[in-house]
Amino acid sequence: MALYEKPPMDKLIEDLKILKEKVYKGGGEEKINFQHGKGKLSARERLNQLFDEGTFNEILTFATTRATEFGLDKNRFYGDGVIAGWGKIDGRQVFAYAQDFTVLGGSLGETHANKIVRAYELAIKVGAPVIGINDSGGARIQEGALSLEGYGAVFKMNVMASGVIPQITIMAGPAAGGAVYSPALTDFLIMIKGDAYYMFVTGPEITKVSIGEEVSYQDLGGAIVHATKSGVVHFVAENEQDAINITKRLLSYLPSNNMEEPPYVDTGDPADRAVQSAESIVPTDSVKPFDIRELIYNIVDNSEFLEVHKLWAQNITVGFGRINGNVVGIVANNSAYYGGAIDIDAADKAARFIRFCDAFNIPLISLVDTPGYVPGTDQEYKGIIRHGAKMLYAFSEATVPKITVIVRRSYGGAHIAMSIKSLGADLVYAWPSAEIAVTGPEGAVRILYRREIQSAQNPEELLKQKIAEYKKLFANPYWAAEKGLIDDVIEPKDTRKVIARGLEMLRNKREFRYPKKHGNIPL
Ligand code: HXC
């Protein structure tokens with residue numbers, strides 16, 4: 001009699017179903033309930049919400065750890081704490097992985113890392129975005145240096161994929177130590193608000209022991225802190241469902257890879273639509289602040305604008321919209337915050353956004369109203385020279401269509417940093433309210449006429465007179481337009497129309513760069 005007789009197919013299928021049931025339970029019912037108790041969804045529930053119904057396909061379903069140390073040989077789980085695969089989101093192919101906190105705290109060991117890497121390899125080959133849903137205790141302690149090696153492999157894939165396919169992370173749990181760096185290497189980080197979600201390099205306990213600073217988990221690494229102070233987080237989600245909704249909305253503006261155009265949508269908003277409210281939104285008095293987002297909402301199709309980094313460095317506004325159905329990336333100074341001056345954070349924010357758009361064939365629109373870079377020791381000591389240079393680098397490097405509209409002030413280095421002709425802007429327009437000069441009137445006059453003002457009988461009178469002369473010359477767009485620096489001075493209401501027509505003309509733009517390994521952007 002044979003020692004082993006292969007069972008019939010119906011029995012094999014029955015066994016498979018039992019095993020699959022086990023796979024789907026992850027760390028078990030009790031742990032899933034515990035996860036729910038914290039207000040969190042399980043990894044499978046998250047993937048179900050993310051993908052179009054019934055479209056998800058799993059890879060390496062049964063893979064599990066090879067480690068045996070610390071009882072892992074008796075405590076192994078199919079899937080190894082991460083679910084990876086592909087499916088459809090709004091009909092488009094997307095890869096995703098979701099860490100399963102119910103299995104060994106979602107910790108990352110060798111096999112767990114391999115699954116993420118495999119998903120990335122396939123995604124890069126077929127040119128599809130990757131969404132990572134992170135919920136993990138970090139490197140799996142039992143697997144020692146193999147876990148760290150695993151992280152290295154994931155980081156490497158993040159970098160290999162950068163600029164090839166869009167990468168989005170949903171921060172749906174804790175992330176501590178080096179585990180924070182995969183999310184940081186992706187293009188966009190969406191973080192959920194609440195006590196169960198936090199990320200930091202060093203947690204509150206070690207912070208207290210090492211430097212004596214007492215801080216809560218949320219104050220150190222909650223969603224609000226990272227969205228307002230560190231700039232690590234691009235979007236704050238109110239809850240898990242909101243995070244999924246933001247992900248889908250973001251994807252709707254992005255091509256699947258760097259060889260594709262971003263998705264066109266017939267929005268029904270006429271390209272030539274006059275922006276009647278433009279004039280009243282932007283005060284001609286250049287010191288009066290206003291919120292540039294009001295203008296953006298009126299320019300883009302159907303007022304739909306997805307703002308990136310909404311709560312960080314608000315003196316510059318960046319985000320995605322459509323004009324005549326085509327996706328654009330908008331970079332705009334916002335005088336409602338610090339008068340629209342550019343500081344270190346604003347420069348970092350803008351430069352990163354510009355480079356993303358350029359990598360993924362998204363045309364760039366600049367709306368300019370800035371008095372310059374922020375002065376003072378704080379900014380100089382922190383390196384505004386180094387950081388400010390990033391905008392110059394990013395706009396110069398970008399080969400996508402670039403259209404600039406100067407709506408009000410455009411001074412000094414910041415004028416250049418917002419994209420001008422010599423930096424490679426394809427079209428530059430100005431409103432009649434534009435002021436374009438090396439520096440603001442009073443500063444300029446005090447430098448040009450220092451001696452005359454000092455020796456004048458009435459210095460105040462002379463100062464006023466010289467300021468008036470300077471303003472007459474430069475506090476308008478015509479001096480620059482006469483020199484050929486502006487393509488046209490336009491009525492505010494025509495802003496959308498000129499952008500739409502410019503984009504249409506630039507649709508087949510080709511611009512090449514010298515071959516090189518990579519540039520050296522000032523970091
Ligand atoms: C192995 C881990 C684990 C880890 C959690 N678990 N983190 N197992 N390796 N890193 C397990 C726990 O033992 C527990 O198992 C289960 O996951 C749930 O964990 P709890 O502690 O009960 O959950 P909670 O109270 O919600 O706390 C979550 C946590 C905590 C804050 C994340 O687990 C924690 O501090 N973990 C360690 C974090 C850490 O130091 N990670 C290494 C970071 S350094 P049972 O069986 O009881 O359910 C790092 C380096 C990366 O990641 C380097 C890249 C270069």
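All residue numbers in this chain count up from 1 along the given sequence.
Formation of a donor-acceptor pair under 3.5 Å by the Asp242 side chain with backbone atoms of Ala237 is not found in this model. Without hydrogens or angle criteria, Ser303 side chain to Tyr297 main chain gives a donor-acceptor distance under 3.5 Å. Remark: the backbone N or O of Ile490 is not paired with any side-chain donor or acceptor of Asp488 at under 3.5 angstrom. Between the side chain of Arg408 and the backbone N or O of Ser335 there is no donor-acceptor pair closer than 3.5 Å. Counting only distance, with no hydrogens or angles, the side chain of Asn134 and the backbone of Thr169 share no donor-acceptor pair below 3.5 Å. Checked by atom type and distance alone, the side chain of Thr370 pairs as donor or acceptor with a backbone atom of Gly340 at under 3.5 Å. In this structure a side-chain-to-backbone donor-acceptor pair under 3.5 Å is missing from Glu380 to Ile385. With Gln379 contributing its side chain and Ile344 its backbone, the two residues share a donor-acceptor pair below 3.5 Å. Checked by atom type and distance alone, the side chain of Lys349 pairs as donor or acceptor with a backbone atom of Trp312 at under 3.5 Å. In this structure, Asn257 contributes its side chain and Val164 its backbone to no donor-acceptor pair below 3.5 Å.
Between Val94 and Pro129, the shortest heavy-atom contact is CG1-O, 3.6 Å. The minimum heavy-atom distance between Val236 and Ala227, with the atom names listed, is CG2-CB, 3.2 Å. Contact detail for Pro401 and Asp426: the closest heavy-atom pair is CA-OD2, 3.4 Å. Minimum interatomic distance between Ile342 and Ala414 (heavy atoms only, all atoms of both residues): CD1-CB, 3.8 Å. Taking both residues in full, the closest heavy atoms of Met418 and Ile316 are given as SD-CD1, 4.2 Å, listed atom of the first, atom of the second, then distance. Of all the heavy atoms in Ala394 and Arg355, the pair that sits closest is CB-CG, 3.7 Å.
Partners of Thr495 according to the side-chain hydrogen bond (donor to acceptor under 3.5 Å, both in side chains) rule, which considers only residues two or more places apart in sequence or in another chain, are Trp431. In this structure Lys493 satisfies the salt bridge (charged side-chain N to carboxylate O under 4.0 Å, His left out) test together with Glu491, sequence neighbours excluded. In terms of the side-chain contact (heavy atoms from CB on, under 4.5 Å) criterion, residue partners of Lys248 (sequence neighbours excluded) are, by chain and number, Ile89, Asp90, Ile244. Here Glu238 pairs with Lys193 under the side-chain hydrogen bond (donor to acceptor under 3.5 Å, both in side chains) rule; sequence neighbours left out. Looking at residues two or more places apart in sequence or on another chain, you find a side-chain hydrogen bond (donor to acceptor under 3.5 Å, both in side chains) between Glu511 and Lys509, Arg513. A search for side-chain hydrogen bond (donor to acceptor under 3.5 Å, both in side chains) contacts involving Asn158 returns Tyr120, Gln167, Ser182, not counting sequence neighbours. Checked against side-chain contact (heavy atoms from CB on, under 4.5 Å), Thr284 has the following partners two or more places apart in sequence or in another chain: Ser433.
Residues Asn333 and Val368 meet the side-chain proximity criterion, which asks for heavy atoms closer than 4.5 Å. A heavy-atom distance below 4.5 Å is found between the side chains of Leu392 and Ile416. Residues Arg501 and Asp494 have side chains not in contact (no heavy-atom distance under 4.5 Å, counting atoms from C-beta outward). Under the 4.5 Å side-chain criterion, counting only non-hydrogen atoms from C-beta, Ile224 is not in contact with Gln218.
By the neighbour-count criterion of 12 heavy atoms within 6.0 Å, atom NZ of Lys288 is sparsely surrounded, having that number or fewer from other residues, nucleotides or ligands. In Asp195, the CG atom is not crowded: 12 or fewer heavy atoms of neighbouring residues, nucleotides or ligands sit closer than 6.0 Å. By the neighbour-count criterion of 12 heavy atoms within 6.0 Å, atom CD of Gln93 is densely surrounded, having more than that number from other residues, nucleotides or ligands. Within 6.0 Å of atom OH in Tyr181, 12 or fewer heavy atoms from other residues, nucleotides or ligands are found, so the atom counts as exposed in its surroundings. Counted within 6.0 Å of CE on Met259, heavy atoms from surrounding residues, nucleotides or ligands total 12 or fewer; the atom is thus considered open.
Here ring-ring contact (aromatic ring centres under 6.0 Å, His included) pairs that include residues 461-500, with residues two or more places apart or in two chains, are Tyr470-Phe474, Phe474-Trp479. Listed by first and then second residue, the side chain to side chain donor-acceptor pair (under 3.5 Å) pairs involving residues 382-392 are Asp348-His387, Asp348-Lys390, Asp378-Lys382, His387-Lys390 (not counting sequence neighbours). For residues 440-449, the pairs satisfying side chain to side chain donor-acceptor pair (under 3.5 Å) are Glu442-Arg446, with sequence neighbours left out. For residues 344-380, the set of pairs meeting the ring-ring contact (aromatic ring centres under 6.0 Å, His included) definition, not counting sequence neighbours, comprises Phe188-Phe356, Phe320-Phe353, Phe356-Phe360. Annotation: side chain to side chain donor-acceptor pair (under 3.5 Å) contacts involving residues 453-462, sequence neighbours excluded, are absent.
We find that Lys466 and Glu469 are joined by a salt bridge, their nearest charged nitrogen and carboxylate oxygen being less than 4.0 Å apart. We find that Lys88 and Asp52 are not joined by a salt bridge, their nearest charged nitrogen and carboxylate oxygen being 4.0 Å or further apart.
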- Task: With side chain to side chain contact (heavy atoms under 4.5 Å, CB included) as the test, would you mind laying out the steps for Ser277 and Val275 before giving the verdict?
- Result: CA-CA 6 Å; Ser277 54; Val275 186; 4.2 Å; yes

- Message: Checking Asp301 against Arg496 for the salt bridge (Lys or Arg N to Asp or Glu O under 4.0 Å) test, could you report, in this order, the C-alpha distance in whole Å, the side-chain angles of both residues, the deciding distance, and whether it holds?
- Response: CA-CA 9 Å; Asp301 289 2; Arg496 175 180 161 87; 2.7 Å; yes

- Please lay out, stage by stage, how Arg322 and Asp269 fare under the test salt bridge (Lys or Arg N to Asp or Glu O under 4.0 Å). CA-CA 10 Å; Arg322 283 190 164 80; Asp269 197 348; over 6 Å; no

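For the atom pair His234 NE2 and Ile246 CD1, the distance stands at 12.5 Å (nearest 0.5 Å). From Leu47, atom CG reaches atom CD1 of Ile133 across 5.0 Å, with rounding to the nearest 0.5 Å. In this structure, the separation between CD1 on Ile281 and CZ on Arg293 is 13.0 Å, given to the nearest 0.5 Å. Between the CD1 atom in Ile165 and the CD atom in Glu260 there is a gap of 12.0 Å [rounded to 0.5 Å]. Taken to the nearest 0.5 Å, the CD1 atom of Ile436 stands 13.0 Å off from the CZ atom of Arg409. Put simply, CG on Leu503 and CG on Asn324 are 8.5 Å apart, with the number rounded to the nearest 0.5 Å.
Shown are Val180, Leu220, Val233, Leu189; of these, the side-chain contact (heavy atoms from CB on, under 4.5 Å) with His226 is made only by Val233.
For Glu304 and Tyr253, the side-chain atoms include no donor-acceptor pair closer than 3.5 Å. No side-chain donor from either of Asn298 and Glu294 sits under 3.5 Å from a side-chain acceptor of the other.
Ring-plane geometry between Phe200 and Tyr217 is classed as perpendicular, the angle between the planes exceeding 60 degrees on a 0 to 90 degree scale with a lower cut at 30.
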